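A short write-up of the structure that comes next.
Owing to the predicted nature of the structure, the values given are computational and were not obtained by experimental measurement. In what follows, chains carry the letters A, B, and so on, assigned in the order in which the sequence lines appear, proteins first and then strands, with residues in each chain numbered from 1.
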2 protein chains.
Amino acid sequence: MLGMNDVTQQQSTRCDACTVRHRAVCGALSQKEIERLNAIARHRTVPQGQAIVGDQDRVLSFANIISGVVKLTKTLCDGRQQIVGLQFASDFIGRPFRDRSAYEATAVNDVHLCIYDRRQFEHLVREFPGFERRLFENTLDELDAARDWMLLLGRKSAEEKVASFILMVSKKMDGVSRQGGDGRPAKFELPITRTEIADFLGLTIETVSRQVSRLKSEKIIALEGLRTVAVLDVPRLEQASSG
Amino acid sequence: MLGMNDVTQQQSTRCDACTVRHRAVCGALSQKEIERLNAIARHRTVPQGQAIVGDQDRVLSFANIISGVVKLTKTLCDGRQQIVGLQFASDFIGRPFRDRSAYEATAVNDVHLCIYDRRQFEHLVREFPGFERRLFENTLDELDAARDWMLLLGRKSAEEKVASFILMVSKKMDGVSRQGGDGRPAKFELPITRTEIADFLGLTIETVSRQVSRLKSEKIIALEGLRTVAVLDVPRLEQASSG
DNA sequence: CGCCTGGTTGATCGTGTTCAATGACTGTGG
DNA sequence: CCACAGTCATTGAACACGATCAACCAGGCG
């Protein structure tokens with residue numbers, strides 16, 4: 001799914017040492033199969049803010065995210081923007097069976113990718129039915145997530161949207177980078193800026209800021225700097241998000 | 001994907017005579033394969049307004065829509081509702097590889113379905129790789145459509161939403177039931193009520209009504225009764241929808 | 001005829017946007 | 001070291017779009 005304008009680093013790799021191997025779509029492959037995949041894989045680092053694939057660019061590659069965050073955006077002609085997907089480590093990037101992407105993929109921070117040539121990759125997909133199955137399931141999950149977000153975009157208030165977002169991030173980060181021991185999420189970094197949160201929630205940056213402040217003043221969350229959030233009261237945050 | 005509470009009619013069928021065979025997912029099957037599918041297919045008519053599968057119901061079947069319109073909805077605990085998908089003749093209903101549906105499917109009008117037992121269907125999917133591929137591509141298209149709708153829900157004004165909806169319906173109906181000869185769409189029926197349009201666009205019924213009236217007074221569309229729309233000025237409708 | 005459902009139209013209200021000023025933090029150069 | 005610019009976020013005030021509340025209309029049906 002990568003264009004060709006964004007190479008900053010390129011090296012070959014070994015799947016054995018891969019930190020996301022078991023969680024990513026490659027997890028569906030046998031040792032023999034993964035060696036075949038390994039043969040066509042290359043690593044790349046895409047710096048923050050750089051496009052991974054432009055809207056309507058030809059799709060030349062697929063990729064797995066090894067680290068970092070990628071946003072998928074759609075933009076109206078007058079510049080209004082909507083984030084239609086956020087992808088994290090182990091997520092798959094690419095649109096099989098279509099030449100052109102329907103949206104733009106951008107590195108939110110420095111992103112480390114494991115990329116595959118489109119044609120070779122599709123050939124492997126054809127060869128390994130379990131692999132295609134895994135990609136299919138992956139797509140079904142993304143569809144479910146997109147439809148969840150449609151409910152949020154169409155029917156939730158600003159406060160509910162912001163609460164839902166913080167809750168979603170806390171769940172994504174859960175088990176990945178959260179601190180605070182035991183059962184409940186404690187402290188984590190928001191992966192994106194206020195502007196990006198606004199573009200994700202269909203709000204303005206000011207409204208996002210106000211709602212975050214509101215959650216803070218209600219002692220539901222606490223902030224440390226701009227990015228670090230601590231959830232103080234999970235039940236009330238869930239209540240504020242209305243499911 | 002059907003529950004068990006909604007049988008009104010049931011008979012066996014022949015795929016040969018099927019009106020949607022070539023457009024539906026079954027189109028990917030060979031003659032031999034389609035006979036196997038035919039063996040597990042049953043027809044049902046679900047009357048208007050009846051649930052085809054409830055939110056979180058166990059998914060017992062998959063289905064193709066032979067005629068009629070199905071809405072997929074998500075509902076918040078307080079009753080706010082969002083339509084997350086509209087399915088027409090030849091569309092596939094069901095969520096492979098998951099026991100439970102994440103949303104409710106309801107018959108918008110009397111719907112004629114060709115249904116398959118879940119277990120038998122999944123067995124066939126495993127047997128016919130081309131079939132799985134077709135379902136996969138279908139899901140990718142639905143994902144693209146869902147993300148298009150996210151842009152509309154998050155970033156478009158009420159007027160743009162209504163114009164986009166009419167344009168979308170005119171395109172869906174194009175080649176199916178449109179009148180008016182030559183190239184451009186002319187007259188067609190809106191498949192859903194104002195309330196449903198509102199739930200689809202994330203608006204209230206009053207706002208939908210006002211925007212429709214507005215497009216009418218601007219001579220961009222004309223109405224015949226409540227459901228029949230004639231598009232008088234396609235370019236201006238497209239302009240009003242902002243892409 | 002009255003009732004019911006679905007739709008339109010009007011008046012008012014409130015949430016979220018817009019416009020604008022201020023604050024917090026970072027990196028740069030004198 | 002501090003001044004300065006630049007980015008990102010917060011906060012305030014005014015406004016506007018769409019929601020809400022309410023009245024009315026049209027068609028279908030007992």
Side-chain angles (χ1 to χ4, degrees), chain A residues 47-49 71 76 78-83 108-109 152-166 189-218 221-229 240 242, chain B residues 47-49 69 71 76 78-83 106 108-109 152-166 189-218 221-229 240 242:
Chain A
Q48 172 173 29
K71 61 176 174 180
L76 293 171
D78 62 0
R80 281 174 289 173
Q81 202 168 58
Q82 177 67 44
I83 294 182
V108 166
N109 46 27
L152 174 141
L153 290 171
R155 290 304 186 197
K156 285 193 179 177
S157 70
E159 187 189 6
E160 291 169 329
K161 284 177 174 181
V162 171
S164 300
F165 173 75
I166 292 175
E189 295 265 303
L190 296 179
I192 55 180
T193 66
R194 296 290 188 273
T195 306
E196 287 165 330
I197 297 174
D199 286 343
F200 198 26
L201 299 176
L203 297 171
T204 59
I205 178 176
E206 293 95 332
T207 301
V208 171
S209 186
R210 272 184 256 273
Q211 295 303 332
V212 170
S213 300
R214 193 164 179 284
L215 290 171
K216 199 173 88 178
S217 73
E218 300 244 338
I221 63 169
L223 292 186
E224 232 171 79
L226 295 171
R227 291 294 194 97
T228 306
V229 175
S242 296
Chain B
Q48 172 174 28
V69 180
K71 62 176 175 181
L76 292 171
D78 61 1
R80 279 173 291 173
Q81 202 168 58
Q82 178 67 44
I83 295 182
T106 311
V108 166
N109 45 28
L152 173 140
L153 290 171
R155 290 304 186 197
K156 285 192 179 177
S157 70
E159 187 190 5
E160 291 168 328
K161 285 177 174 181
V162 171
S164 301
F165 173 74
I166 293 174
E189 295 264 303
L190 296 178
I192 55 180
T193 65
R194 297 289 188 274
T195 306
E196 286 165 330
I197 297 174
D199 286 344
F200 198 25
L201 299 175
L203 297 171
T204 59
I205 178 175
E206 294 94 330
T207 301
V208 171
S209 186
R210 270 184 256 273
Q211 294 303 332
V212 169
S213 300
R214 195 165 178 283
L215 290 171
K216 199 172 86 180
S217 74
E218 299 243 340
I221 63 169
L223 292 186
E224 232 172 80
L226 295 171
R227 291 293 193 96
T228 306
V229 175
S242 295

Of B:Lys156 and A:Thr207, the one whose closest DNA chain D nucleotide lies more 5': A:Thr207
Are [X] and [Y] side-chain neighbours, meaning at least one heavy-atom pair lies under 4.5 Å?
| X | Y | answer |
| --- | --- | --- |
| A:Leu153 | A:Gln82 | yes |
| A:Thr193 | A:Arg227 | yes |
| B:Leu223 | B:Val229 | yes |
| A:Ile192 | A:Phe165 | yes |

Atom [atom1] of [X] and atom [atom2] of [N]: how far apart are they, to the nearest Å?
| X | N | atom1 | atom2 | value |
| --- | --- | --- | --- | --- |
| A:Arg80 | D:dC17 | CZ | C1' | 13 Å |
| B:Gln211 | C:dT9 | CD | C1' | 13 Å |
| B:Ile205 | D:dC21 | CD1 | P | 15 Å |
| B:Arg227 | C:dT5 | CZ | C1' | 12 Å |
| A:Arg194 | C:dC25 | CZ | P | 13 Å |
| B:Arg155 | D:dG18 | CZ | P | 14 Å |
| B:Ile197 | C:dT8 | CD1 | C1' | 14 Å |
| A:Leu201 | C:dT15 | CG | P | 18 Å |

Closest approach to the side chain of [X], judged atom by atom: which nucleotide of [options] is it?
| X | options | result |
| --- | --- | --- |
| A:Leu223 | C:dG16, C:dT8, D:dT10 | D:dT10 |
| B:Leu226 | C:dG16, C:dG7, C:dT9 | C:dG7 |
| B:Glu206 | C:dT8, D:dT20, C:dG16 | D:dT20 |

Sugar-phosphate only, base, or nothing, as touched by B:Thr204 at under 4.0 Å among non-hydrogen atoms: base
N/O (side chain, A:Ser209) to phosphate O (OP1/OP2, D:dT11) under 4.0 Å: no
N or O in side chain of B:Arg210 less than 4.0 angstrom from C:dT8 OP1/OP2: no
Residue among B:Glu159, B:Arg155, B:Lys161, B:Glu160 satisfying side-chain hydrogen bond (donor to acceptor under 3.5 Å, both in side chains) with B:Ser157: B:Glu160
